Amino acid sequence: MNLIMLGPPGAGKGTQAQRLTQTLNMVQLSTGDMLREAMANETEIGKQAKPIYDRGELVSDEIIVDLISERLDTLDRDQGFILDGVPRNAAQADAVDKMLSEKGLTLDFVIELDVDDDQLVARVTGRYTCAKCGTGYHDTFQKPAVDGVCDTCGGTEFKRRSDDNEDALRARLAVYHEKTAPLRAYYGDKGILHKIDGMAAVEAVSGALDDILGAS
Ligand code: AP5
């Protein structure tokens, strides 16, 4: 089973994708994570992407398509994958379709998480992750069981993203509404789009997602 998580910044795409890696043994292919890794390692792609990323704009389609294509080639065919953060515009949607068909892969579900813009600001500005294993948390909505200790790996160091400030978020939201949201119609026409109320609590969103995937 292969799927796309669609939704604005902070909608919960990564939270749900990360959960599915554990509950359904799926592989999360997050273009944001790939770019953050490239920036941390100061690779050529990372250096090129950094200023664009920090402004909350989209990096070039060419970079994204290459990143995804390389990762798809390394996948175990028995494992399903989750495209998290891609496609983000019509050109990327076309490229993903073409790439999947060339590689003999199919797309089963596109999951749209619907969340109001004001709620997204609260979510993104409170987000942090474990520096060791990447598990995601939130100052208010998703705290670790023991304050300051990662539930997954016991790590005690956490980090915040350079684009998780209000200015960059407003830019990311504008890009989402202009370029990514129209993809709803594209996948709706293919009959594989499923919308979930992303304003609900994490557990409720997880339940709705599992119902759609037939995993409950
Ligand atoms: P990317 O890393 O993909 O970020 P994004 O799409 O802006 O999405 P986020 O990661 O911010 O949010 P999310 O939906 O995963 O939410 P999360 O689960 O963390 O992209 C970053 C940048 O990289 C882009 O701006 C662009 O520059 C570049 N880029 C990436 N892909 C690209 C592409 N394809 N093309 C071009 N450029 C690209 O949740 C957020 C917080 O809310 C967390 O703290 C979480 O704990 C909490 N939370 C989650 N669900 C709930 C809930 N139901 N209730 C309450 N709190 C919740």
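The residues of the chain are indexed from 1 along the displayed sequence. Each ligand, and each atom within it, is numbered from 1 in the order the structure gives. What you are looking at is a predicted structure, and each value in this text was computed from that prediction instead of being measured.
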Looking only at heavy atoms of M199, does any of them come nearer than 4.0 Å to an atom of ligand 1? no

Can you tell which of Q16, M5, E57, K143 gets a heavy atom nearest to atom 26 (C) of ligand 1? E57

Nearest neighbour in protein (non-hydrogen) for atom 3 (O) of ligand 1: R88 NH1, 3.2 Å

T31, any N or O under 3.5 Å of ligand 1 N or O: yes

Hey, is A201 touching ligand 1 through its side chain, its backbone, both or neither, going by heavy atoms under 4.0 Å? backbone

D164 with R127: basic N within carboxylate O range, under 4.0 Å: yes

May I ask you to check whether G136 has an N/O atom sitting below 3.5 Å from an N/O atom of ligand 1? no

Would you mind checking which non-hydrogen protein atom is closest to atom 23 (O) of ligand 1, with the distance to 0.1 Å? Y53 CD1, 3.3 Å

heavy-atom search around atom 37 (N) of ligand 1 in the protein gives V59 N, 3.2 Å

Nearest protein heavy atom to atom 49 (C) of ligand 1, by residue and atom, and its distance? T15 OG1, 3.4 Å

Answer whether the closest heavy-atom distance between the side chains of L35 and L67 falls below 4.5 Å. yes

Does K50 use its side chain to pair, donor to acceptor, with the backbone of E42 at less than 3.5 Å? no

Please determine which of L3, L29, L20, I4 meets the side-chain contact (heavy atoms from CB on, under 4.5 Å) test together with F81. L29

Starting from atom 25 (O) of ligand 1, locate the nearest protein heavy atom and write down its residue, its atom name and how far away it is, to 0.1 Å. R172 CG, 3.6 Å

Sole candidate of K13, Q28, Q16 that passes side chain to side chain donor-acceptor pair (under 3.5 Å) when paired with D84: Q28

Of L105, N2, I68, which meets side-chain contact (heavy atoms from CB on, under 4.5 Å) against L100? L105

re atom 16 (O) of ligand 1, the protein heavy-atom contact at minimum distance is G12 N, 3.2 Å

Nearest option to atom 4 (O) of ligand 1, as decided by whichever heavy atom of R127, K13, R161 sits closest: R161

Sub-4.0 Å heavy-atom approach of P8 to ligand 1: yes

Under a 4.0 Å N-O cut-off, is there an ion pair linking R71 with D66? no

So which bit of D163 gets within less than 4.0 Å of ligand 1, heavy atoms only: side chain, backbone, both or neither? side chain

Among all protein non-hydrogen atoms, which one is nearest to atom 2 (O) of ligand 1, and what is the separation to 0.1 Å? R36 NH1, 2.9 Å

With the threshold set at 4.0 Å, does a side-chain nitrogen-carboxylate oxygen contact exist between E112 and R184? yes

Test side-chain hydrogen bond (donor to acceptor under 3.5 Å, both in side chains) applied to Q18 and T135, step by step: CA-CA 8 Å; Q18 219 175 58; T135 298; 4.7 Å; no

Can you check which of G198, G85, G10, G14 brings a heavy atom nearest to atom 40 (C) of ligand 1? G10

Should the proximity of L35 to ligand 1, defined as any heavy atom under 4.0 Å, be assigned to the side chain, the backbone, both, or neither? side chain

Which bit of F141 is near ligand 1, meaning a heavy atom under 4.0 Å away: side chain, backbone, both or neither? side chain

Protein residue, atom and distance nearest to atom 35 (N) of ligand 1, heavy-atom basis: Q92 NE2, 2.9 Å

Taking both backbone and side-chain atoms of I52, is any N or O found less than 3.5 Å from an N or O belonging to ligand 1? no

Is the closest side-chain donor-acceptor distance between S69 and K103 under 3.5 Å? yes

Say whether Y137, considering both its backbone and side-chain N or O atoms, lies within less than 3.5 Å of an N or O atom on ligand 1. yes

Given the ring of Y176, does K179 sit roughly above its face, with NZ or CZ under 6.0 Å from the centre of the six-membered ring and within 45° of the axis? no

Please lay out, stage by stage, how H194 and F109 fare under the test ring pair (Phe, Tyr, Trp, His ring centres under 6.0 Å). CA-CA 7 Å; H194 300 260; F109 299 97; 5.5 Å; yes

Specify side chain, backbone, both or neither for I64, according to which of its non-hydrogen atoms lie closer than 4.0 Å to ligand 1. side chain

Report yes or no: does A200 have a heavy atom closer than 4.0 Å to ligand 1? yes

Determine the minimum heavy-atom distance between F158 and C130, stating which atoms define it. CD2-CA, 3.6 Å

For residues V110 and L24: do they belong to one hydrophobic cluster (side chain heavy atoms under 4.5 Å, members Ile, Leu, Val, Met, Phe, Trp, Tyr)? no

Run down the list R123, Q142, K50 and name the one with the heavy atom closest to atom 57 (C) of ligand 1. R123

